[in-house]
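These notes concern the structure reproduced below.
For clarity, every value in this text was computed on a predicted model and none was experimentally measured.
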Number of protein chains: 2
Amino acid sequence: MEDQARQRAKEVPSLEEAFNAIKEGIYKRRFIIVVGNCRVDYRGRANSKLDPGERLLILKPDGSALIHRPRDYSPVNWQPPGSLFRTSLSNGELLVRVYRRKDNEVLEAIFDRIMMFSVIDLKDAGEFSLYATEKDMQEAILFQPSLLEEGFRPISPERPVEPGFIDIMGVDREGVLTLVEIKRRRATKESVAQLKKYADVINLDKNRKIRMILVAPELAKGAQELLATLGYEFKAITPQLCSEVLKQKNSKTITHFFK
Amino acid sequence: MEDQARQRAKEVPSLEEAFNAIKEGIYKRRFIIVVGNCRVDYRGRANSKLDPGERLLILKPDGSALIHRPRDYSPVNWQPPGSLFRTSLSNGELLVRVYRRKDNEVLEAIFDRIMMFSVIDLKDAGEFSLYATEKDMQEAILFQPSLLEEGFRPISPERPVEPGFIDIMGVDREGVLTLVEIKRRRATKESVAQLKKYADVINLDKNRKIRMILVAPELAKGAQELLATLGYEFKAITPQLCSEVLKQKNSKTITHFFK
DNA sequence: TAATAAATGTCGTTT
DNA sequence: AAACGACGTTTATTA
């Protein structure tokens, strides 16, 4: 039975063919691709208008929608997941309306010509893993504190502090309290400001000695002065190195497991 | 001649058919859509691994690439414009490699089954207009200063200040220097901090009286205290209202033009 | 190229 | 729902 097909596509279809396929695809929560000539209107947090041209429209089963032009990484218009799809056909135009209750946002694509459409039941349960994130850097330093400096001993993995969290709290070889802020990219003045916020909250008893260390692959030029002014320190560590360290950690864990 | 066709697509093609079409599409800088079962690897600023599943791959003529799963607004993997595409076929697998010189980033999608592909020459010269941005809010207040408060007079549209720019600088009905920072979303503590940075630079002669006004649709709760502490003010204005004001401005301009 | 701030930012987490 | 910070943030603007 045709309705049971996992996919349906057509090149240069009529508006009616596309309309019927899209309508069915919305109802069945399929992955929908439409390429054609359209204009686009958006009203919500901002407003936008896109004059006619040939673009790709994507409607996903989770209620997200994207309109992509032939250039750029980012979609020219979109709606986040949870939006509602509706389509209609009138006056030789195919309308796809995407409504999002939050922020009362409406996205409308109006096609006068369809070049291709595809309606597919996509099965995707693959796991996605991202490595060398800030969290990985934190884990790596906790696993191998000498990455920061010899003699460093972490106290607790993450201690909640008023504005957010200190990434790592510990004690140096002299026993001095040491706070560590981690950035996976070049640290900026903003990073230093963030570190100061933490210091201000922690360092209420001013007579207590404390070290503040900013960890990042690089330190921006402007940030150097500020860091020096505040008497903070910088330690260059790349996320890639941390990723390597974690790899060792995991292989060791496995070794231990099979020992 | 088949090579001159503006588009070519196929449902459930063989890997060979897809490979040939993609290769030609890359060479001719076409808009390429591939749906199929694949795994994905990324190495660059971070590293990532995506286990097999059915996804959509987009290769654009400007060298940007996107891999979309059946859910989420954002692509699971991508490369920005300017990347280089390459494809190969071996051992029953179709590889699409996207290389970006900056950051030495590599994205690889390896397909073992293609469900659909489409290679199209997309023509899109339509103009995109976005309204109700922060810049629009600035323009609207400059055009109708009473939006901020009665008697306010802007001095210069944008006066360069050390860290970035003051959005609006002016004088209130009493002649007091007034600096305005605009946010198109709910203003946060960060917004207030930004305002303070500007104040610190401008207000070098401390005896000069100065007013700091934060303009935004809303003020976050935590930001209220900080604002009060610093003696700054808040004025609620929505980007949508500003957009309306600008619409009037433009219609007036047109009226004047035809008068 | 570096720095800075905006974005319909999105996304996750915690309160 | 609000607040907060990370993101392979991206993108634009300016020095």
Once base and sugar-phosphate atoms are separated, protein heavy atoms under 4.0 Å mark nucleotides 6-15 of chain C, 5' to 3', with B, S and - as SSBSBS----

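When the P atom of D:dC4 is taken as reference, atom CD1 of A:I166 falls 16 Å away, rounded to whole Å. Spacing between atom OH of A:Y131 and atom P of D:dC7 amounts to 16 Å, rounded to whole angstrom units. Distance, B:L50 CG to D:dG8 C1': 15 Å, rounded to whole Å. Across the protein-nucleic acid pair, A:D136 atom CG and D:dG8 atom C1' stand 13 Å apart, rounded to whole Å. Distance CG (B:L66) to P (D:dT10): 12 Å, rounded to an integer number of Å. Following rounding to the nearest Å, B:Q138 (CD) and C:dA5 (P) show an atom-to-atom distance of 15 Å. Distance, A:K221 NZ to C:dT1 C1': 9 Å, rounded to whole Å. D:dA6 atom P lies 12 Å from atom CG of A:L195, rounded to whole Å.
Listed pair A:R186 / C:dA3 meets the phosphate criterion, a side-chain N or O lying under 4.0 Å from OP1 or OP2. For the OP1/OP2 pair of D:dC4 and a distance below 4.0 Å, the side-chain nitrogens and oxygens of B:K189 include at least one atom meeting the criterion.
Rounded to whole Å, the C1' atom of C:dT14 lies 25 Å from the corresponding atom of D:dG8. The same atom, C1', is picked in C:dG9 and in C:dA5; the two are 13 Å apart, to the nearest Å. Spacing of P atoms, D:dA6 relative to C:dT8, comes out at 22 Å, to the nearest Å.
Taking the six-membered ring where tryptophan is involved, the planes of A:Y73 and B:W78 are tilted, since the angle between them lies from 30° to 60°.
Take B:S64 and apply the side chain to side chain donor-acceptor pair (under 3.5 Å) test, not counting sequence neighbours, and it matches B:D62.
A:E105 has a carboxylate O that lies under 4.0 Å from a charged side-chain N of A:R45, or vice versa, which qualifies the two as a salt bridge. Salt bridge status for B:R185 with B:E134: absent, with no side-chain N to carboxylate O gap under 4.0 Å.
With 3.5 Å as the limit, one finds no donor-acceptor pair spanning the side chains of A:Q144 and A:K249. Looking only at atom types and distance, the side chain of A:S48 has a donor-acceptor partner in the side chain of A:N77 under 3.5 Å away.
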Show me the donor-acceptor pairs within less than 3.5 Å that the side chains of residues 212-223 of chain B make with the rest of the protein, sequence neighbours left out.
none

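If you check D:dG8 for Watson-Crick or wobble pairing at under 3.5 angstrom, you find it has no partner at all.
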